[in-house]
Amino acid sequence: MAAEAAAAAVREQAEVVRRLKQDEADPERIAKEVAKLLEMKAQLGGEEGKHKFVLKTPKGTRDYSPKQMAIRERVFTAIINCFKRHGAEVIDTPVFELKETLTGKYGEDSKLIYDLKDQGGELLSLRYDLTVPFARYLAMNKITNIKRYHIAKVYRRDNPAMTRGRYREFYQCDFDIAGQFDPMIPDAECLKIVHEILSDLQLGDFLIKVNDRRILDGMFAVCGVPDSKFRTICSSVDKLDKVPWEEVKNEMVGEKGLSPEAADRIGEYVQLHGGLDLIEQLLQDPKLSQNKLAKEGLGDMKLLFEYLTLFGITGKISFDLSLARGLDYYTGVIYEAVLLQQQNDHVEDPVSVGSVAGGGRYDGLVGMFDPKGRKVPCVGVSIGIERIFSILEQRVEASEEKIRTTETQVLVASAQKKLLEERLKLISELWDAGIKAEILYKKNPKLLNQLQYCEETGIPLVAIVGEQELKDGVVKLRDVATREEVNIRRENLIEEIRMRTSQL
């Protein structure tokens with residue numbers, strides 16, 4: 001009621017000011033009345049103008065519950081184990097870079113870079129990927145040879161599609177090989193890594209599409225695309241996995257000014273996909289075989305497929321001329337892994353449900369940062385962790401699988417009252433021995449409540465301290481799943497817990 005009265009007083013005062021202005025009263029009196037009005041408004045704003053917090057995460061971001069994090073950690077562990085198996089070292093770089101470091105490296109996607117507000121210092125932007133910072137790191141530290149992985153968050157001012165794992169803040173898992181090596185050996189290893197990770201995570205059927213920027217550029221040249229339009233036409237071709245050829249052709253001709261004849265010639269090539277047979281066929285192509293870039297790319301592609309055959313993974317690899325990957329820094333082999341699903345039992349060709357990994361060769365990027373323009377050849381792959389995670393999360397929800405959110409091996413419990421000190425002594429021994437253990441934070445918890453807590457959280461063992469056990473120098477060890485109980489001598493307890501939990 002007080003607020004209503006104050007509001008009415010403000011309205012009345014405002015009316016006084018309005019009449020004074022109409023009557024052309026003296027300015028001094030008007031100023032006094034306006035000052036009164038402002039004071040009253042300030043008092044009124046004390047209650048009504050209070051800011052109400054909107055409890056939400058920013059657009060394109062999300063929180064992760066313990067259950068979701070448990071699934072994520074499984075995925076990260078599988079990926080890191082693979083990277084380490086292939087001999088990679090780990091690095092980290094700042095979450096923001098100088099704006100000029102990122103500018104001009106991503107083609108049409110540069111508009112998605114998050115610029116930070118100028119605070120009177122350096123002009124900064126949030127990193128868009130982990131590749132450009134890696135190239136900057138190599139040039140800055142004069143490193144010419146490294147095999148590294150980097151798992152960290154990146155930022156894109158994109159239109160999020162959260163259900164499909166597309167965010168504005170998300171993790172990338174990158175593996176890169178930098179250095180001067182014989183052709184296609186590191187490139188083949190990157191593809192083997194993608195194959196290993198996707199097989200290990202059991203996401204379903206997948207296909208790794210492979211192409212080469214030199215083949216693309218050679219193809220554009222022989223089809224009559226002007227040099228100045230190579231990159232923009234490339235970004236149109238890159239949409240072929242999402243939209244039909246006719247739409248891509250209309251964009252090339254209608255929006256980008258390419259002649260219909262050139263677009264038709266491109267169409268003949270970009271709808272081809274296959275393996276070694278297709279490479280051989282294109283090496284004999286009267287137009288492509290005359291183009292130096294295309295010939296080089298096809299020669300390396302043939303060598304790559306020979307190595308992939310030795311790795312035994314060509315069944316999941318497709319040489320696909322529509323693959324274009326829009327980033328400006330790629331110079332050679334490019335690849336993208338997509339998950340497949342059958343539309344129904346009667347359809348032979350599976351449909352793609354989205355890219356889950358991508359990468360390629362970028363031999364010129366480090367040279368862009370080096371003061372003397374020294375080049376360090378690089379090839380790498382980035383695993384699309386967010387999309388993988390979305391798929392696994394949906395699968396867990398559908399199966400109603402119970403996910404453990406802790407790694408606790410044993411709960412230290414008591415059978416009677418007044419045994420808190422004994423529980424604390426025992427749990428301290430277990431912690432000091434590296435055993436993952438918990439207690440309930442109550443002086444005298446009921447035994448039933450302690451056992452129920454284990455069942456709810458998935459703790460496999462309970463170490464029960466009781467008066468009789470203390471006299472006998474033993475601890476009752478209970479298996480939560482089978483409810484079997486055995487007395488273990490106190491000095492043997494740690495070894496027994498280790499033995500039982502190592503089998504889980």
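Just so you know, these numbers come straight off a predicted model, no measurement behind them. Along the sequence shown, residues carry numbers from 1.
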Measuring from C454:SG to L440:CG, what's the distance to the nearest 0.5 Å? 7.5 Å

Flag the pair D363 and R361 as a salt bridge only when some basic side-chain nitrogen lies within less than 4.0 angstrom of an acidic carboxylate oxygen. yes

Are M252 and I266 close enough, and set up right, to give a side-chain contact (heavy atoms from CB on, under 4.5 Å), and what steps lead you there? CA-CA 10 Å; M252 287 176 177; I266 290 170; 4.2 Å; yes

Ring pair (Phe, Tyr, Trp, His ring centres under 6.0 Å): which pairs involve residues 213-232, sequence neighbours left out? F220-F230

Which pairs with one or both residues in residues 258-272 pass salt bridge (charged side-chain N to carboxylate O under 4.0 Å, His left out), sequence neighbours excluded? K249-D264

Side-chain (K402) to main-chain (E456) donor-acceptor, under 3.5 angstrom: yes

Counting N and O atoms only, with roles assigned by atom type, does the side chain of R404 sit under 3.5 Å from a partner on the main chain of T408, one being a donor and the other an acceptor? yes

One should read off an interatomic distance between E100 CD and L123 CG, to the nearest 0.5 angstrom, of 8.5 Å

Mark yes or no for whether E393, through its side chain, and F389, through its backbone, hold a donor-acceptor pair below 3.5 Å. no

Taking only distance into account, with no hydrogens and no angle test, what donor-acceptor pairs under 3.5 Å do side-chain atoms of residues 303-317 form with protein atoms, sequence neighbours excluded?
unit_1: T309; atom_1: OG1; unit_2: F305; atom_2: O; d: 2.6
unit_1: K316; atom_1: NZ; unit_2: D205; atom_2: OD1; d: 2.6

Rounded to the nearest 0.5 Å, what separation is found between the SG atom of C190 and the CD1 atom of I185? 12.5 Å

State whether a side-chain donor-acceptor pair under 3.5 Å links S236 with E251. yes

side-chain contact (heavy atoms from CB on, under 4.5 Å) assessment of F134 paired with I91: CA-CA 9 Å; F134 174 53; I91 70 161; 4.0 Å; yes

Assess the side chains of S382 and D174: does a donor N or O sit below 3.5 Å from an acceptor N or O? yes

Do the non-hydrogen side-chain atoms of V480 and P460 ever get within less than 4.5 Å of each other? no

Can you list every pair that meets ring pair (Phe, Tyr, Trp, His ring centres under 6.0 Å) and has a residue in residues 74-104, with sequence neighbours left out? F76-Y171, F83-Y149, F83-F175

Looking at side-chain heavy atoms only, is the closest gap between V95 and Y155 below 4.5 Å? yes

Keeping the roles fixed (side chain from K105, backbone from T103), state whether a donor-acceptor pair exists under 3.5 Å. yes

What are the two closest non-hydrogen atoms of L102 and S125, and how far apart are they? CD1-CB, 3.8 Å

Are any of the side-chain heavy atoms of V356 and F206 separated by less than 4.5 Å? no

Heavy-atom nearest pair, E196 first then C82, reads OE1-SG, 3.4 Å

If we ignore hydrogens and angles and just use 3.5 Å, is the side chain of Q409 paired with the main-chain N or O of K436 as donor and acceptor? yes

Main-chain N/O of L240 paired to W245 side chain as donor or acceptor, under 3.5 Å: no

Is the closest basic N to carboxylate O distance between E89 and R148 below 4.0 Å? no

Determine the minimum heavy-atom distance between I279 and L298, stating which atoms define it. CG2-O, 3.6 Å

Counting only heavy atoms not in D63, do more than 12 sit closer than 6.0 Å to its CG atom? no

Checking the side chain of Q68 only, and the main-chain atoms of S65 only, is there a donor and an acceptor separated by less than 3.5 Å? yes

With sequence neighbours excluded, what pairs up with E401 under the salt bridge (Lys or Arg N to Asp or Glu O under 4.0 Å) test? R74

Under 4.5 Å between any side-chain heavy atoms of L138 and I146, yes or no? yes

Has T101 got a side-chain atom pairing as donor or acceptor with E97's backbone, closer than 3.5 angstrom? no

Does a sphere of radius 6.0 Å around CD in E122 hold more than 12 heavy atoms from other residues, nucleotides or ligands, not counting ones at 6.0 Å or beyond? no

Side-chain donor-acceptor contact under 3.5 Å, T232 with K256: yes

Flag if over 12 foreign heavy atoms under 6.0 Å of NZ, K192: yes

Show, in sequence, the C-alpha distance, side-chain angles and deciding distance for Q172 and I151, and conclude whether the side-chain contact (heavy atoms from CB on, under 4.5 Å) test is met. CA-CA 6 Å; Q172 279 193 341; I151 295 177; over 6 Å; no

Atom CG of L321 and atom NE2 of H273: how far apart are they, to the nearest 0.5 Å? 10.0 Å

Show me the donor-acceptor pairs within less than 3.5 Å that the side chains of residues 367-380 make with the rest of the protein, sequence neighbours left out.
unit_1: D370; atom_1: OD1; unit_2: K372; atom_2: N; d: 2.8
unit_1: D370; atom_1: OD1; unit_2: G373; atom_2: N; d: 3.3
unit_1: D370; atom_1: OD1; unit_2: R374; atom_2: N; d: 3.4
unit_1: D370; atom_1: OD1; unit_2: R374; atom_2: NE; d: 3.2
unit_1: D370; atom_1: OD2; unit_2: R374; atom_2: NE; d: 3.3
unit_1: D370; atom_1: OD2; unit_2: R374; atom_2: NH2; d: 3.4

Nearest atoms (heavy-atom pairs only) where V270 meets S322: O-CB, 3.1 Å

Is there a donor-acceptor contact under 3.5 Å linking the side chains of Y137 and D92? no

Would V154 and Y128 count as a side-chain contact (heavy atoms from CB on, under 4.5 Å) if you check the C-alpha gap in whole Å, the side-chain angles of each, and the deciding distance to 0.1 Å? CA-CA 5 Å; V154 299; Y128 177 88; over 6 Å; no

E386: which of R72, R62, R168 passes salt bridge (charged side-chain N to carboxylate O under 4.0 Å, His left out): R72

Geometric cation-pi criterion, R156 with F170: 6.0 Å, 45°: no

Ignoring hydrogens and angles, tell me if any N or O in the side chain of D238 forms a donor-acceptor pair with the backbone of C234 under 3.5 Å. no

Is there side-chain contact between L258 and P226, with at least one heavy-atom pair below 4.5 Å? yes

Could you check whether Y335 and D187, counting side-chain N and O atoms only, form a donor-acceptor pair closer than 3.5 Å? no

Under 3.5 Å donor-acceptor, D320 side chain and V210 backbone: no

State the CG-CG distance between L126 and L116, to the nearest 0.5 angstrom. 4.5 Å

Are Y269 and L216 packed together at the side-chain level, in the sense that at least one heavy-atom pair is separated by less than 4.5 angstrom? no

A side-chain contact here means heavy atoms from C-beta on lying under 4.5 Å apart; do M219 and C223 qualify? yes

Once rounded to the nearest 0.5 Å, what's the spacing between atom CD1 of I391 and atom CG of L201? 10.0 Å

Close side-chain approach of D479 to R500, heavy-atom, < 4.5 Å: yes

Taking atom CD as the centre, does E280 end up with more than 12 heavy-atom neighbours from other residues, nucleotides or ligands that are less than 6.0 angstrom away? yes

Would K287 and D285 satisfy salt bridge (charged side-chain N to carboxylate O under 4.0 Å, His left out), going step by step from the backbone distance to the final call? CA-CA 6 Å; K287 292 180 198 163; D285 183 285; over 6 Å; no

So that I can tick it off, tell me whether K209 and E336 are bridged by a salt bridge, with the cut-off set at under 4.0 angstrom between side-chain N and carboxylate O. no

Got a salt bridge between K147 and D176, using NZ or NE/NH1/NH2 to carboxylate O under 4.0 Å? no

